*Asks:* 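One structure coming up, written as structure tokens, with questions to follow.
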Number of protein chains: 2
Amino acid sequence: MKPTLQDVADAVGVSRSTVSNAYSRPDQLSAALRTKILDAARRLGYPGPNPTARSLRRGVVGAIGVLFTSQLSYAFTDPFAVRFLTGVSEAAERHGTNLLLVPLPAERARVRAVIDNAAVDGFCVYCVGDEDWALAAIRDRGLPYVTTAPRPDAGPADRYVGIDERAAARSVADHVAALGHRRVALLGDTVLPDAPGGPLRLAAPADAPHPTTSGRLTGFAEAFAAVGVGWSAITVLNATGNSRAAGAAAVTAALTGDQPPTAVLACSDVLALGALDALAEAGPRLAHSVSVTGFDDIAEAATAGLTTVRQPAEEKGRLAAALLLEPPADPADGHVLLPTDLVVRTSTGPVTRS
Amino acid sequence: MKPTLQDVADAVGVSRSTVSNAYSRPDQLSAALRTKILDAARRLGYPGPNPTARSLRRGVVGAIGVLFTSQLSYAFTDPFAVRFLTGVSEAAERHGTNLLLVPLPAERARVRAVIDNAAVDGFCVYCVGDEDWALAAIRDRGLPYVTTAPRPDAGPADRYVGIDERAAARSVADHVAALGHRRVALLGDTVLPDAPGGPLRLAAPADAPHPTTSGRLTGFAEAFAAVGVGWSAITVLNATGNSRAAGAAAVTAALTGDQPPTAVLACSDVLALGALDALAEAGPRLAHSVSVTGFDDIAEAATAGLTTVRQPAEEKGRLAAALLLEPPADPADGHVLLPTDLVVRTSTGPVTRS
DNA sequence: TTGAAAGCGCTACCAA
DNA sequence: TTGGTAGCGCTTTCAA
């Protein structure tokens, strides 16, 4: 068997407490005794205090959980999520805390079990729209958490690091509207649960259940309302996932009519890239005349010349982790809205008469 | 205080064992009693068995550690590392295991402490060349581990998922040699520890301490030896990190002479992209005449038209995790060498007379 | 400066 | 089907 602290104590002829002190509180014993103990430990092959036992006793784990409310493996394929994670890992690294990546199962019933089984001191929840069950489980466990968006059901003590989705969306949409576009389509991921890809009837922007999506749609809508384009004149396109392929499919479905939109405003860069794919596929006429905008400003956006809204991804992760690891004294400081910037590139241009 | 299993037992009037069974071994009690217990638990706000206590008792944690032998936050910026991690997470997800990301400190002295403190059942070690200390600590803890390369000091029981670095490197180098290139430069990350960026004197390929680098350099060298170009006629370029900027800097330093290389063979795609940057910067003459090859076949390689060696990144991660989670009955099956493919694109061409 | 005692919260054995 | 007992390996009072 692997040696335990007790074995070391026996070997040296001291008590367990003293061996424990040798590791955790060096000032509690003489340097000579400490050296003797550490030497004996090395000789016996004792690897130092068992982390699990230490956690149990201390009541602290030394790890925070990162919860992606989607396939964990998917999270790594999403550039924005990866950048967020980079920020989280920087903060964790600086704090000497480990990161537990928790894959959330698709079946609701198992969510609770997964969260209850995670040995962590708290959670960073990367919200993609399906986090309610997970948050309920976290609250029930009594663990602290930070989300990447203000939650509709948030109390004053809830912490989050988000952006002003509505204002950010409005900034791109204002730009598009100023270019003269009036026949526009808005492209979002899972605008309504279980809806098929393509055009979708949505009574109002606020009807999209996911707050991020509804916030962005609201901002888009405001900008067009300001130039006289009502909600009912706007096409909403649903993508069945935040992927290039899903974005392309949704847009392709909207291109069949005789009055295709002159601009597509997407809720993410990944979807926007898919929109560009669909337009390229549809032929040079549309590819050159339809404006497309994204959201996030991932690396590929620059390459593709995509007009988009930049949000500080790494910073979001860094702050989220910091908020979790070092709770602010004033709860009000637990609500952070990061600034965003409109980045105008070549994917948007004046509307062309046709 | 948060309720414990004992509190639930008291509330229902049964023993702790019974409550424990209600959670972990439903077949050990009547459905009626189980329901009663679970209801009481819900009423009291008992979140289910404490994961740490359960781990201590069971002797199993339910998480595997992923060790990047570099800044953890760096790992997320490296496309190959991210794809590896994707594979690991897929396997972990399927197995219901959590992933603990362990940031490895730069100071050697703290490596041991970090590893000793990680509550995991084993480690996937993503090798980038500085893993010896970490592996020693893992072995001392008696935990199983899998590496991403065969280790020179590996015993028969050691598990790894790698590629035949020498043969893979030889395949690109043969391609370059067949195109007529004889004045070539090899570009690697930290070929010798603490060496400055730029040309480097290396007595033999095997002198590079990192096995991956020395394996690739050896394969490159073999190909050129076969066409009469000896090691001493080959330039070795050192990059001070696996980044585009470091690759560019190293190549720029090699372009100053009057006899610049006609081909640059890099040990990674990221470095190769840096080489292309440097050549573009140096002007159209060099940019069009110098061939460049990479290694890994990351997504950007296709966009950049980079000739490279493809290795199955996700598969590497998936297998590494699988090898850790379900050790093969026959230790020989613990040594996996994945196939690689030469991918010829536009970054290589026949040598042009100058 | 050192040691004895008392758990942290849980599970697994075995007996009833 | 249920409960009693005995720890898992450690830290932390507190008293010597």
Side-chain angles (χ1 to χ4, degrees), chain A residues 1-38 40-41 44-62 113 116-121 140-143, chain B residues 1-38 40-41 44-62 113 116-121 140-143:
Chain A
M1 263 321 284
K2 238 178 300 181
T4 70
L5 186 145
Q6 175 77 70
D7 297 324
V8 178
D10 291 347
V12 181
V14 294
S15 78
R16 284 175 351 205
S17 335
T18 306
V19 178
S20 175
N21 283 335
Y23 283 96
S24 312
R25 317 169 81 181
D27 52 314
Q28 296 294 298
L29 34 51
S30 65
L33 179 56
R34 184 170 128 91
T35 308
K36 196 171 151 192
I37 291 174
L38 263 27
L44 294 173
Y46 174 66
N50 175 313
T52 305
R54 168 176 279 180
S55 294
L56 176 59
R57 178 60 233 239
R58 296 224 252 232
V60 170
V61 178
D116 286 343
N117 275 317
V120 296
D121 298 318
D140 287 351
R141 241 188 97 175
L143 289 178
Chain B
M1 263 320 285
K2 238 177 300 181
T4 70
L5 186 145
Q6 176 77 69
D7 297 323
V8 179
D10 291 347
V12 182
V14 295
S15 78
R16 287 180 340 211
S17 332
T18 305
V19 178
S20 174
N21 282 336
Y23 283 97
S24 312
R25 316 170 81 181
D27 52 314
Q28 296 295 299
L29 35 51
S30 63
L33 180 55
R34 184 171 128 90
T35 307
K36 196 172 151 193
I37 290 174
L38 263 28
L44 294 173
Y46 174 66
N50 174 314
T52 305
R54 168 178 279 179
S55 293
L56 176 60
R57 180 58 235 238
R58 292 205 186 153
V60 169
V61 177
D116 286 344
N117 276 318
V120 296
D121 298 318
D140 287 352
R141 241 187 99 175
L143 288 178

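In what follows, every chain begins at residue 1, and chains take the letters A, B, ... in the order their sequences are listed. Nothing here was measured: the structure is a model prediction, and the numbers come from that model.
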*Asks:* With DNA chain D as reference, determine whether A:Pro51 or B:Val14 sits nearer its 5' end, using the nearest nucleotide of each.
*Replies:* B:Val14

*Asks:* Starting at OH of A:Tyr23 and ending at P of D:dC10, how long is that distance when rounded to a whole Å?
*Replies:* 9 Å

*Asks:* Decide yes or no on side-chain contact (heavy atoms from CB on, under 4.5 Å) for A:Val19 and A:Ile37, but give the supporting numbers first.
*Replies:* CA-CA 7 Å; A:Val19 178; A:Ile37 291 174; 4.0 Å; yes

*Asks:* If the helix axis at each end comes from five base pairs, how far does the helix from C:dT1-D:dA16 to C:dA16-D:dT1 deviate from straight, to 10°?
*Replies:* 30°

*Asks:* Is there a side-chain contact between A:Arg54 and the phosphate of D:dT11, meaning an N or O under 4.0 Å from OP1 or OP2?
*Replies:* yes

*Asks:* Between C1' on D:dC8 and CG on A:Asp7, what's the gap in Å once rounded to a whole number?
*Replies:* 13 Å

*Asks:* Kindly state which residues belonging to residues 28-37 of chain A come within less than 4.0 angstrom of DNA chain C, counting heavy atoms of the residue only, listed by number.
*Replies:* A:Gln28, A:Leu29, A:Ser30, A:Leu33

*Asks:* Classify B:Tyr46 by what it touches in the nucleic acid, base, sugar-phosphate, or nothing, heavy-atom distance under 4.0 Å.
*Replies:* sugar-phosphate

*Asks:* In whole Å, what is the span from the CG atom of A:Leu56 to the C1' atom of C:dG7?
*Replies:* 10 Å

*Asks:* Using atom names, set out every protein N or O paired with an N or O of nucleotides 12-16 of chain D below 3.5 Å, distance rounded to 0.1 Å.
*Replies:*
from   : atom 1 : to      : atom 2 : distance (Å)
D:dT12 : O4'    : A:Arg57 : NH2    : 3.4
D:dT12 : O4     : A:Ser17 : OG     : 3.2

*Asks:* Kindly compute the distance separating NZ (B:Lys2) from OH (B:Tyr46), expressed to the nearest 0.5 Å.
*Replies:* 11.0 Å

*Asks:* Only distances under 3.5 Å count here; give the side-chain donor-acceptor pairs of residues 4-18 of chain B to other protein atoms, sequence neighbours excluded, each with its distance to 0.1 Å.
*Replies:*
from    : atom 1 : to      : atom 2 : distance (Å)
B:Thr4  : OG1    : B:Gln6  : N      : 3.2
B:Gln6  : OE1    : B:Arg16 : NH1    : 3.2
B:Gln6  : NE2    : B:Asp10 : OD1    : 3.1
B:Asp7  : OD2    : B:Thr4  : N      : 2.7
B:Ser15 : OG     : B:Ser17 : N      : 3.4
B:Ser15 : OG     : B:Thr18 : N      : 3.4
B:Ser15 : OG     : B:Thr18 : OG1    : 3.3

*Asks:* Would you name the heavy atoms of A:Pro47 and A:Pro3 that are closest together and state the gap between them?
*Replies:* CD-O, 4.4 Å

*Asks:* From CG of B:Asp10 over to P of C:dC10, roughly how many Å is that when rounded to an integer?
*Replies:* 12 Å

*Asks:* Taking all non-hydrogen atoms of both residues into account, name the closest pair between A:Tyr23 and A:Ala41 and its distance.
*Replies:* OH-CB, 3.2 Å

*Asks:* With a cut-off of less than 4.0 Å, is there a side-chain N or O of B:Thr18 near OP1 or OP2 of D:dG3?
*Replies:* yes

*Asks:* Listing request: all side-chain hydrogen bond (donor to acceptor under 3.5 Å, both in side chains) pairs with a residue in residues 25-34 of chain B, at least two apart in sequence or in separate chains.
*Replies:* none

*Asks:* For residues 51-58 of chain A, tabulate all N or O donor-acceptor pairs below 3.5 Å that involve a side-chain atom, not counting sequence neighbours.
*Replies:*
from    : atom 1 : to       : atom 2 : distance (Å)
A:Arg54 : NH1    : B:Asn117 : OD1    : 3.2
A:Arg54 : NH2    : A:Ser24  : OG     : 3.1
A:Ser55 : OG     : A:Pro51  : O      : 2.9
A:Ser55 : OG     : A:Val60  : O      : 3.3

